[in-house]
Every structure is written in C-alpha cells, then in structure tokens.
Amino acid sequence: MKDWTGNRIRCFLTVLVFFLIPYLLFGCRKVSFESSEGDAITPMDKNLIVVGVSQVGSESVWRTANTASIQKVFTKENGYFLIFKNARQKQENQIKAIRSFISQRVDYIVFSPITETGWDTVLQEAKEANIPVILIDRKVKVQDDSLYVTWIGSDFIHEGRMAGEALEECLSQRKNTKDTVHIAILQGTKGATSTLGRTQGFASVAETHKNWNILEASDAQFTTAKGEEEMERLLKRYKTIDVLISQNDDMTFGAIEALQKEKIPIGGEDGIIIISFDAVKNALKLVEEGLIAADVECNPNQGEYVEKVIKKMESGEAVAKLYFVPERVFTRENVSAHLLKESGE
Ligand code: AHR
C-alpha cells in the first residue's frame, strides 16, 4: 500500500517537472523546434520569431547566394529561429516542408516555389493555421490571392526585355550585319516564374525584329551539366547559331564548355553572341573577357527584404502585395568598375 502511494507521488512529480512546469513557464509553442542543423530551440529563445524557409534547391550559384542572404539575416542575434529546408528541386518536398512548418506552428513561412502551379491546397492549410506566407523569387498561380501575404523578387519580364535590348545594342555595334540572326535559347526550369518571365520579355523584343529567327528554346533546367548537354545537341542540329540567350549563368558556363570543345568562336566581331542572366561573379569575369556580351542581373539578396516585411507585420503595418528588387545589366562598358568595387567591399 505504502509503495503504491510512493510510486504515484514519484510519477506525479516526474510529470510536473518534465512536462507541466516547462509548459506553464514557456508555453507549448516554441520549445520543440529544431533547425536544419539540428539546433533545438531552447526556453531561453522563446521570444525568437520562428521562420520556416523552403528553398527550391541548390541548382545554381545564384541559388546558393540567395540561400546565404536568408541565412545571414535570420539569425538568433537578429531575433529569429530559422528552420531551413532544401527541397532538392522537388515540389513534393516543398509541400512536405510547408506541412511540417504548419504542424510546428512557425510564425512565418517563406518559400520560393519551384513552379507556379499546384499550391492551392497546402497554402489553404497554412491560411487555416493562421500562418502568413511570404513568397520569394518565384510566384504562385492560385485561385485565391489571399493565400499568401506578399511576394518579393525580380521583375523577370523586365529582365527578358533587357536581354533583348542588350542584343539589339550588340548587333548594332557589329560591322557585319546579317540578313537573318539565328537565335538559340537555353531555358530554365519548366513552369518557373523566372523561365516564363524571361522568355516572355525577350520574345516581346524579338517580335519587333523580322530578321530574328528563334531556332529553338530548349530546356536546360538552370544547371551547368544540362546547359552543356543541350548546347552540344543544338550545335549538332543547327548549322548556324549567331546568338545564344541563356537564362542563367550556370547554363552559360556549360554552353561555353560545349562551344570551346567544338572550337566555335565566341564574341568579337563574328563569334556567337552570348547573353546571360544572374550576373554572378565568375560570369562577370567572362563579360570582362568578352565571352559573355551582356549579363542581366538577377538580385539574389532577398533576405533583407523579407526581414523588412516581417518587421512591418510584427508592428502591425500593412505590406504591399509585391516587391521588386533592383537590377541592372552588365556589359564590357561597366563590368570592370563593378568588379573592382565589389572586391574592395
Ligand atoms: O528563379 C531565379 C533563377 O533560379 C535564377 O536565375 C537561377 O540561377 C536559379 O536557379
């Protein structure tokens, strides 16, 4: 009889010490989070804002810089607890990540959707859980726009237009004018906002030139390996390619490999004109060398903008539905000054 009572008291005390007291002191909400690095949130961190980020993957140099800009801002020192998940280019992984953020009841969900469609259900679940969703980089096509609070990213249509205008400029500087300009395009991930926007923007300039002949827009998935493979295929298929529009620098690196292997001249007065996107450092060096004629910047530093938006929301301020990050075009005329400035920083 005595033993039974002792056991019950011990049992009660265990529950009190391990479950009830922490629950009452810190609430059930933020004591059980774990970051991607395995860092558990501690009771001391209970005032941190918990941000769940689902990144597309690590397909490009640009993406790595984009991830770094998020990780730089959402630190404990700045008042955040970041749960970062890399979807490795799979929409189902992003959906899984968002559901895990919902079940952990994070304060904000930030994500860069791999493609525009297929998000209605999971975003509805986030809305029902009262968790604000902030989109970065790419957009979603949903029935109900209230499923996300805001979008922060690049004006991809404008980027495509800038590429078209850069090509106009290059062609006008050449002495040998061609009757027909044969253009090959390496496209990024199918259905991604960046692919759709850049394609649309470039097409809007191309259609004003009757002699611009787009041979093919081929899918090279924003990666160097695919860029090289597709360029090799295009070179076998078409006798003349005057221009390559490559929708990111990684594909451009692969395409240059393929062109150099075939000893095809690049740039100069008669070589193939390459216009690229992203403007990562190693590509800008190729602009300086004259291998890339123009590189349209895609600004990866979106972390600071996301934080500004979160701060506004935390203080009850209204936020806009759309924020564009600033971008420009690099050519031989302005690239050296830019690289010098960057190296000094
Ligand atoms: O959506 C932005 C694009 O995605 C970048 O241009 C590309 O490098 C990345 O993978």
Side-chain angles (χ1 to χ4, degrees), residues 36 51-60 62-64 66-67 70 82-157 159-160 185-201 203 217-223 226 230 247-248 250-251 277 298 300 302 305-306 309 319-325:
S36 38
V51 182
V53 176
S54 166
Q55 179 61 286
V56 169
S58 36
E59 74 284 5
S60 62
W62 184 93
R63 186 67 55 197
T64 306
N66 183 246
T67 296
I70 292 160
L82 172 66
I83 310 173
F84 182 87
K85 292 205 190 282
N86 183 331
R88 307 196 186 287
Q89 297 292 323
K90 289 206 166 80
Q91 184 170 37
E92 70 248 38
N93 289 345
Q94 289 204 288
I95 293 176
K96 227 162 96 189
I98 294 169
R99 291 211 165 109
S100 84
F101 298 153
I102 296 172
S103 69
Q104 291 177 92
R105 299 173 63 211
V106 300
D107 295 309
Y108 294 90
I109 292 174
V110 176
F111 91 112
S112 172
I114 180 157
T115 54
E116 293 197 342
T117 53
W119 303 103
D120 294 78
T121 310
V122 74
L123 293 188
Q124 185 62 40
E125 290 165 25
K127 190 180 174 184
E128 279 159 19
N130 266 323
I131 303 175
V133 172
I134 298 169
L135 302 173
I136 54 165
D137 172 31
R138 300 177 186 175
K139 291 180 179 160
V140 292
K141 238 186 218 130
V142 281
Q143 297 277 331
D144 171 8
D145 269 3
S146 75
L147 294 183
Y148 63 91
V149 177
T150 186
W151 169 85
I152 298 158
S154 308
D155 186 343
F156 294 118
I157 299 177
E159 285 184 3
I185 301 179
L186 290 179
Q187 285 187 322
T189 309
K190 267 203 181 115
T193 312
S194 31
T195 304
L196 298 168
R198 288 168 186 167
T199 304
Q200 185 187 332
S218 83
D219 176 12
Q221 297 164 19
F222 283 135
T223 68
K226 264 283 176 194
E230 279 306 298
Q247 290 184 348
N248 89 342
D250 296 74
M251 296 188 294
F277 291 83
C298 183
Q302 294 165 359
Y305 293 88
V306 180
V309 163
V319 297
K321 199 73 190 172
L322 185 115
Y323 292 95
F324 286 126
V325 291

- Assess whether side-chain contact (heavy atoms from CB on, under 4.5 Å) is satisfied between I98 and E125, documenting all intermediate values. CA-CA 9 Å; I98 294 169; E125 290 165 25; over 6 Å; no
- Query: Do R99 and S103 come close enough that some side-chain heavy atom pair is under 4.5 Å?
  - Reply: no
- Query: What's the spacing between K96 NZ and Q91 CD if we round to 0.5 Å?
  - Reply: 14.0 Å
- Nearest atoms (heavy-atom pairs only) where N248 meets S60: ND2-CB, 3.7 Å
- Message: Main chain of T223, side chain of D250: is a donor-acceptor contact present, judged purely on distance under 3.5 Å?
- Response: no
- Take Q89 and E59 through the test side chain to side chain donor-acceptor pair (under 3.5 Å) and record every step on the way to the result. CA-CA 8 Å; Q89 297 292 323; E59 74 284 5; 2.7 Å; yes
- For Q143, does the CD atom sit with more than 12 other heavy atoms under 6.0 Å from it, leaving out its own atoms? no
- Nearest heavy-atom pair of N86 and G57: which atoms, and what distance? OD1-CA, 3.0 Å
- Where do P113 and I136 come nearest, in terms of heavy atoms and distance? CD-O, 3.9 Å
- Message: Does Y305 form a side-chain contact (heavy atoms from CB on, under 4.5 Å) with V325? I'd like the steps, not just the answer.
- Response: CA-CA 8 Å; Y305 293 88; V325 291; 3.7 Å; yes
- side chain to side chain donor-acceptor pair (under 3.5 Å) between S218 and Q187: does it pass, once the steps are laid out? CA-CA 6 Å; S218 83; Q187 285 187 322; over 6 Å; no
- Message: Please evaluate residues L147 and W119 with respect to the criterion side-chain contact (heavy atoms from CB on, under 4.5 Å), reporting the C-alpha separation (whole Å), side-chain torsions for both, the decisive distance (0.1 Å), and the verdict.
- Response: CA-CA 9 Å; L147 294 183; W119 303 103; over 6 Å; no
- Query: Which atom pair, heavy atoms only, marks the closest approach of G188 to Q247?
  - Reply: N-OE1, 3.1 Å
- Take L82 and V53, measure what side-chain contact (heavy atoms from CB on, under 4.5 Å) needs, and give me the verdict at the end. CA-CA 7 Å; L82 172 66; V53 176; 3.4 Å; yes
- Query: How far apart are the closest heavy atoms of T150 and L322, and which atoms are they?
  - Reply: OG1-N, 3.8 Å
- With rounding to the nearest 0.5 Å, note down the distance linking OG1 in T115 to NZ in K141. 10.0 Å
- Task: Quick one: pull up CZ in F101 and OH in Y108 and give me the separation to the nearest 0.5 Å.
- Result: 15.5 Å
- Under the side chain to side chain donor-acceptor pair (under 3.5 Å) rule, what do Q302 and D137 come out as? Steps first, then yes or no, please. CA-CA 8 Å; Q302 294 165 359; D137 172 31; 4.8 Å; no
- Note on the structure: Interatomic distance, CD1@I114 vs OG1@T189, rounded to 0.5 Å, equals 5.5 Å
- Query: Looking at side-chain heavy atoms only, is the closest gap between V122 and F111 below 4.5 Å?
  - Reply: no
- Task: Of all the heavy-atom pairs spanning R138 and A192, show the shortest one and how long it is.
- Result: NH1-CB, 3.6 Å
- Taking NZ, NE, NH1 and NH2 as the nitrogens, is one of them in K139 or E116 under 4.0 Å from a carboxylate oxygen of the other? no
- Roughly how far, to the nearest 0.5 Å, is CD1 of I109 from CD1 of I83? 9.5 Å
- Task: Measure the shortest side-chain to side-chain distance between S194 and F222 over non-hydrogen atoms and say whether it is less than 4.5 angstrom.
- Result: yes
- Message: Less than 4.5 Å apart, side chain to side chain, heavy atoms only: is that true for V306 and I152?
- Response: yes
- Spacing of CH2 belonging to W151 relative to CG belonging to L135, to within rounding of 0.5 Å: 9.0 Å
- Establish, for the pair K321 and Y148, whether the NZ or CZ atom is under 6.0 angstrom from the six-membered ring centre and no further than 45 degrees off its axis. yes
- Are K127 and D144 close enough for a salt bridge, meaning some N to O gap below 4.0 Å? yes
- Is the backbone N or O of I157 less than 3.5 Å from a side-chain atom of Q200, with the two atoms forming a donor-acceptor pair by type? no
- Task: Measure from the side-chain N and O atoms of T195 to the backbone N and O of G191, and report whether any donor-acceptor pair falls under 3.5 Å.
- Result: no
- Message: Any heavy-atom pair between the side chains of L196 and F156 that's under 4.5 Å?
- Response: no
